[in-house]
Amino acid sequence: MLSGIWKPSLRHLHGRLLPLRPRYIFLTTGRLPVKSTSIMSGQQNASSAAGPRGTATSKLKRPSSDLPPPAKKPKTDIAHVRQHLDYGNVPANWLDASAQPSTDQPCLQFTYHKGDMLADAPEDCLLVHACNTQGVWGSGIAKAFKEQYRKAYAAHRIYCTKKHNIANPVRTGTAQLLAPCDDNEQHWIGCLFTSAKYGKNKDKPDQILKNTGRSMQMLLELVSQVDAKVSNIRMCKINSGRFGVPWEKTEEVIKGIALKPHWRTEIEIWEPEEESQAATEMHSEGKQHAQ
Ligand SMILES: Nc1ncnc2c1ncn2[C@@H]1O[C@H](COP(=O)(O)OP(=O)(O)OC[C@H]2O[C@H](OP(=O)(O)O)[C@H](O)[C@@H]2O)[C@@H](O)[C@H]1O
């Protein structure tokens, strides 16, 4: 049976939304299908049954007001991508050069926690880690982020390699605030661009530390823009693993940041228990072998 009213559904093809055409249609000539694979709504079926049996062509010539409304575009990740914030979301004078740390000024308060920072994070928690500007989350906690927050990683990767590129790289000393976009994982992700490259080409420790202070300031500014939506802030001992900077040095830099009145003042610092657990296990294994 010819179905005169053909409501195209949508499907993804190479990342683009295209009408899902019935089989046997000639895309180049626009010939009408002789078989329809589209599933009609109850309303459409009723109107077809009630009306005279006509050709597909005559039905398509009906006034546009009779045609069903165009299929709505399904929600895509773009809606989420728009919520991600970066240096483009801070005002030109966001960092007043005159703001210097002083003794009577509040500094960031750290509370220390043992365990996996990514496990059981409360809803709307912000999870912060240090990143290179290449869009690579290849090892360490970054890899765990990549595995757990695939859509957030995809957005980060696009930001580093499409919005920016080799000729126009993401600047170190900036930050990106990824809005929750992974199903079942309502967490924000804070990316501090503390080194341009990674591996053996990572920035020197002094440069990483300089970048850390600036990127943390930018992150705090970005957080202030979505403040009520972020519950608490969790951060690992950034820079102290693959980037090879002792935590105490990073801690000193971050605590020395001059806080703006509208910035958050509390950050949870999470350290994995694995090292101490591994040490305990090795110890008990050694005992077993000795028995
Ligand atoms: N689940 C967890 N919860 C809590 N703390 C956790 C944890 N897992 C690990 N830690 C700790 O988190 C600290 C940082 O250690 P990391 O080596 O990860 O990061 P980093 O800041 O030194 O360096 C960044 C570059 O490392 C990556 O690797 P690639 O360059 O891609 O190869 C990135 O992509 C960057 O570029 C160390 O104290 C770890 O014990």
Side-chain angles (χ1 to χ4, degrees), residues 86 108 110-122 125-150 152-161 164 166 169-178 182 185 187-219 231-255 266-282:
D86 53 52
L108 280 166
F110 290 168
T111 55
Y112 291 87
H113 305 260
K114 288 252 179 218
D116 181 353
M117 172 176 122
L118 304 183
D120 306 322
C125 179
L126 167 60
L127 305 164
V128 182
H129 69 139
C131 297
N132 58 73
T133 64
Q134 315 299 304
V136 174
W137 290 0
S139 59
I141 196 168
K143 192 176 176 198
F145 268 105
K146 184 165 76 174
E147 285 162 3
Q148 195 162 329
Y149 301 92
R150 303 189 76 82
Y153 173 67
H156 175 80
R157 178 100 188 138
I158 287 170
Y159 175 69
C160 294
T161 61
H164 290 272
I166 293 170
V170 174
R171 280 175 294 157
T172 50
T174 63
Q176 185 188 27
L177 179 58
L178 295 160
D182 281 86
E185 297 285 3
H187 301 137
W188 299 79
I189 298 176
C191 304
L192 303 172
F193 294 108
T194 65
S195 171
K197 303 257 171 75
Y198 56 93
K200 62 179 169 38
N201 295 321
K202 61 184 181 284
D203 287 359
K204 298 274 176 289
D206 281 353
Q207 189 60 49
I208 289 177
L209 288 169
K210 207 169 162 188
N211 296 335
T212 298
R214 291 179 181 162
S215 55
M216 181 55 86
Q217 284 173 310
M218 185 174 284
L219 184 65
S231 54
N232 46 335
I233 303 178
R234 284 186 179 190
M235 184 169 77
C236 63
K237 290 186 168 178
I238 56 164
N239 303 331
S240 68
R242 303 304 187 279
F243 279 166
V245 180
W247 165 247
E248 292 68 29
K249 292 196 173 183
T250 295
E251 185 182 34
E252 190 183 340
V253 167
I254 297 175
K255 282 193 169 173
E266 288 174 13
I267 297 182
E268 298 173 8
I269 305 298
W270 283 72
E271 183 179 28
E273 269 172 334
E274 281 137 30
E275 281 109 37
S276 53
Q277 271 179 0
T280 312
E281 279 163 19
M282 274 173 65

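Indexing begins at 1, ligand by ligand and atom by atom, following the structure's order.
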> Which atoms of ligand 1 sit under 4.0 Å from any heavy atom of Tyr198?
Replying inline: 30 (O), 36 (O)
> Which of these, Ile208, Thr133, Val136, has its nearest heavy atom closest to atom 34 (O) of ligand 1?
Replying inline: Val136
>> Under 4.0 Å from a heavy atom of Gly140: which atoms of ligand 1 are those, numbered in the order shown and with their elements?
In response: 18 (O)
> Nearest to atom 27 (C) of ligand 1 by heavy atom, Gly138, Gly135, Ser139: which?
Replying inline: Ser139
> Which atoms of ligand 1 are found less than 4.0 Å from any heavy atom of Ile238?
Replying inline: 21 (O)
> Do you know which of Leu219, Leu108, Leu126, Ile269 makes side chain to side chain contact (heavy atoms under 4.5 Å, CB included) with Ile233?
Replying inline: Leu126
> Purely on distance, is any nitrogen or oxygen of Ala142 under 3.5 Å from one on ligand 1?
Replying inline: no
> Taking everything shown except Tyr198 itself, do over 12 heavy atoms lie less than 6.0 Å from its OH?
Replying inline: no
>> Looking at ligand 1, is there an atom of it that comes within less than 4.0 Å of some heavy atom belonging to Ser240?
In response: yes
> Would you say ligand 1 has an N or O under 3.5 Å from any N or O of Gly199?
Replying inline: no
> Would Arg234 and Glu268 pass as an ion pair if we require N to O under 4.0 Å?
Replying inline: yes
>> Tell me whether the NZ or CZ atom of Lys202 lies within the 45° cone about the ring axis of Phe243 and under 6.0 Å from its centre.
In response: no
> Taking only residues two or more places apart in sequence or in another chain, which ones pass salt bridge (Lys or Arg N to Asp or Glu O under 4.0 Å) with Lys237?
Replying inline: Glu271
> Would you find a donor on one side and an acceptor on the other, under 3.5 Å apart, between the side chain of His187 and the backbone of Ala121?
Replying inline: yes
>> Only heavy atoms of Met117, strictly under 4.0 Å: list the atoms of ligand 1 that pass.
In response: 1 (N), 2 (C), 3 (N), 4 (C)
> Using the ring of each side chain (for Trp, its six-membered ring), is His156 parallel, tilted or perpendicular to Trp137, with breaks at 30° and 60°?
Replying inline: tilted
>> Under 3.5 Å between any N/O of Asn132 and any N/O of ligand 1: does that happen in this structure?
In response: yes
>> Quick check on contacts: which atoms of ligand 1 are under 4.0 angstrom from a heavy atom of Ala130?
In response: 21 (O), 24 (C), 35 (C)
> Looking only at atom types and distance, does a side-chain atom of Ser215 sit under 3.5 Å from a main-chain N or O of Ala175, one as donor and one as acceptor?
Replying inline: no
> Of all the atoms in ligand 1, which lie at a distance below 4.0 Å from a heavy atom belonging to Trp270?
Replying inline: 4 (C), 5 (N)
> What part of Trp137 sits under 4.0 Å from ligand 1 if we count only heavy atoms: the side chain, the backbone, both or neither?
Replying inline: backbone
>> Strictly distance-based, threshold 3.5 Å: is any side-chain N or O of Tyr153 a donor or acceptor partner for the main-chain N or O of Gln148?
In response: no
> Between the candidates Asp116, Ile269, Ile141, which shows the shortest non-hydrogen contact distance to atom 8 (N) of ligand 1?
Replying inline: Ile141
> Counting heavy atoms only, which of Leu127, Leu118, Val245, Asn239 is nearest atom 21 (O) of ligand 1?
Replying inline: Asn239
> Is a side-chain donor-acceptor pair under 3.5 Å present for Thr172 with Asp203?
Replying inline: no
> Do any nitrogen or oxygen atoms of Arg242 come within less than 3.5 Å of a nitrogen or oxygen of ligand 1?
Replying inline: yes
